[in-house]
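First the structure, in the form of structure tokens, and then the observations on it.
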Amino acid sequence: MTAKTKTPSNPLNGLHTAGIFSDVSIDGPDIGTLVLIVDRAKNLPNRKTIGKQDPYCAARLGKEAKKTTTDIRGGQTPKWDQELRFTVHDSPDYYQLKLSVFNDDKKTDLIGETWIDLRDIIVLGGGQSDQWHSLTCRGKYAGEIRIETTYYDNRPKLEKPAAKPRPVASFADLSGAAGSQKTPVKRRPLPSDPVTGQAPSPPVAEHVHTPPRPQPNPPSSFIPNQSPLQTVDLMGVSTRLRLREQIYHNTGR
């Protein structure tokens, strides 16, 4: 018979309840602390045939794993309200948190598990989250668990350069700036005299006297009482009267 070679067991198998492993060689420096408040769970499937199950929660971050106390006869709605603290290193393994809920019995049964993305929480200056997370077991819904997550960052904060104060312009500067905008129009200088070599004086605008415009005569206020036709008619009547008087005097003699 050929002897079976026994493969050496991984020393981390007994330490990490959540079943996640991390390479210690890639762990970076300590950058902060992650605090978990494992509050409670609901709608858990019952893994115990008779009676109520005894659930507990295990959390795994990087190479460190911790668990809560067991809620005896917690059944499908266990309550823990327990704090778990983790040291966060500058490594990609510390941006994923795994939570697993087990039934504490002679044979440990997995009730449900989930992964929590911490990239929005482990940020410079710290972050936090408080929400329910869905659990699954073998691809099926296995209840929900409420976790309060708070990250305390140890890295030094980047100091922003102080903004230089802008100089406040006085009223004199504003008035001077307004006056400087009205600059005279620059003109090309006149050519110098070829004989004297002096530049001619700029032409002076001559004042031309403009005579006043004649005003139109105002309309006459005289309004004739008779039209020209009536005047001609009256002259004819007077002439006839004179002829009649002459004829009368001649016949009377």
Side-chain angles (χ1 to χ4, degrees), residues 12 14-24 26-48 52-105 108-158:
L12 298 178
L15 300 178
H16 303 299
T17 311
I20 310 171
F21 305 100
S22 175
D23 188 359
V24 180
I26 63 175
D27 285 349
D30 180 2
I31 61 173
T33 303
L34 185 69
V35 180
L36 301 182
I37 302 297
V38 184
D39 186 19
R40 60 185 183 272
K42 62 181 180 180
N43 302 328
L44 298 181
N46 191 5
R47 301 300 182 193
K48 195 171 184 180
K52 292 185 177 182
Q53 59 190 1
D54 305 325
Y56 71 90
C57 179
R60 168 76 182 190
L61 182 66
K63 65 177 182 294
E64 188 177 8
K66 295 184 179 183
K67 69 175 185 177
T68 65
T69 57
T70 302
D71 186 8
I72 304 299
R73 298 182 59 82
Q76 296 177 305
T77 57
K79 296 180 181 180
W80 300 288
D81 193 16
Q82 188 171 347
E83 178 183 302
L84 303 178
R85 287 179 174 262
F86 296 89
T87 300
V88 180
H89 295 269
D90 190 7
S91 172
D93 291 342
Y94 290 85
Y95 290 91
Q96 293 287 335
L97 174 69
K98 186 174 184 180
L99 294 177
S100 303
V101 179
F102 296 93
N103 177 30
D104 191 1
D105 203 352
T108 302
D109 294 327
L110 176 64
I111 299 176
E113 59 185 1
T114 185
W115 286 88
I116 300 177
D117 189 358
L118 302 177
R119 287 176 295 179
D120 295 335
I121 301 175
I122 302 178
V123 294
L124 188 64
Q128 59 182 1
S129 174
D130 181 4
Q131 56 183 337
W132 288 87
H133 300 274
S134 297
L135 300 173
T136 59
C137 183
R138 299 177 183 178
K140 296 182 180 180
Y141 174 77
E144 300 176 27
I145 186 170
R146 182 174 179 266
I147 301 293
E148 299 179 17
T149 309
T150 306
Y151 171 67
Y152 298 94
D153 193 49
N154 295 338
R155 292 170 288 185
K157 297 181 180 180
L158 298 177

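Everything numeric in this text was worked out from a predicted model, so none of it was measured.
One distance of note links CG of Leu34 with CG of Leu97; it measures 6.5 Å at 0.5 Å rounding. Taking OG1 of Thr114 as the reference point, atom NZ of Lys98 lies at 10.0 Å (rounded to 0.5 Å). Residue Gln76 holds its CD atom at 5.5 Å from CG of Asn46, rounded to the nearest 0.5 Å. To the nearest 0.5 angstrom, Tyr152 atom OH is 5.0 Å from Thr150 atom OG1. Here the CG-CD1 distance, from Leu61 to Ile122, works out to 6.0 Å after rounding to the nearest 0.5 Å.
The closest donor-acceptor contact from the side chain of Thr68 to the backbone of Cys57 lies under 3.5 Å. Side chain of Asp39 to main chain of Asp81: no donor-acceptor pair is present (N/O by atom type, distance under 3.5 Å, no hydrogens or angles). Between the side chain of Gln53 and the backbone N or O of Arg47 there is at least one donor-acceptor pair closer than 3.5 Å. A donor-acceptor contact shorter than 3.5 Å is absent between the side chain of Asp93 and the backbone of Tyr95. Using a distance-only test at 3.5 Å, with no hydrogens or angles considered, no donor-acceptor pair links the side chain of Asn103 to the main chain of Asp105. Under a 3.5 Å cut-off, the side chain of Asp71 and the backbone N or O of Pro55 do not form any donor-acceptor pair.
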>> Run Asp153 and Tyr151 through side chain to side chain contact (heavy atoms under 4.5 Å, CB included) and show every step you take.
In response: CA-CA 6 Å; Asp153 193 49; Tyr151 171 67; 2.6 Å; yes
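Contact between Lys42 and Thr77 at its shortest, heavy atoms only, is CA-CG2, 4.3 Å. Taking each heavy atom of Asn154 and Gly32 in turn, the nearest pair found is ND2-CA, 3.4 Å. The shortest non-hydrogen separation linking Ala59 to Leu36 is CB-CD1, 4.0 Å. Of all the heavy atoms in Leu118 and Thr149, the pair that sits closest is CD2-CG2, 4.4 Å. Of all the heavy atoms in Arg73 and Lys52, the pair that sits closest is O-CD, 3.7 Å. The minimum heavy-atom distance linking Leu44 with Gly75 is given by the pair CD1-O, 4.3 Å.
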For residues 132-140, tabulate all N or O donor-acceptor pairs below 3.5 Å that involve a side-chain atom, not counting sequence neighbours.
none

Give every donor-acceptor pair under 3.5 Å between a side-chain atom in residues 124-131 and any protein atom, sequence neighbours left out.
residue: Ser129; atom: OG; partner: Gln131; partner atom: NE2; Å: 3.3
residue: Asp130; atom: OD1; partner: Arg146; partner atom: NH2; Å: 3.3
residue: Asp130; atom: OD2; partner: Arg146; partner atom: NH2; Å: 3.0

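Residues Val38 and Ile145 meet the side-chain proximity criterion, which asks for heavy atoms closer than 4.5 Å.
In summary, the side chains of Gln82 and Thr69 do present a donor paired with an acceptor at a separation below 3.5 Å, with no hydrogens or angles considered.
Screening residues 65-92 for ring pair (Phe, Tyr, Trp, His ring centres under 6.0 Å) gives His89-Tyr94 as the qualifying pairs, with residues at least two apart or on separate chains.
No more than 12 heavy atoms of other residues, nucleotides or ligands shown are found within 6.0 angstrom of NZ on Lys79. The environment of CG in Asp30 is crowded: more than 12 heavy-atom neighbours from other residues, nucleotides or ligands sit within 6.0 Å. The number of heavy atoms from other shown groups lying within 6.0 Å of NZ (Lys66) is above 12.
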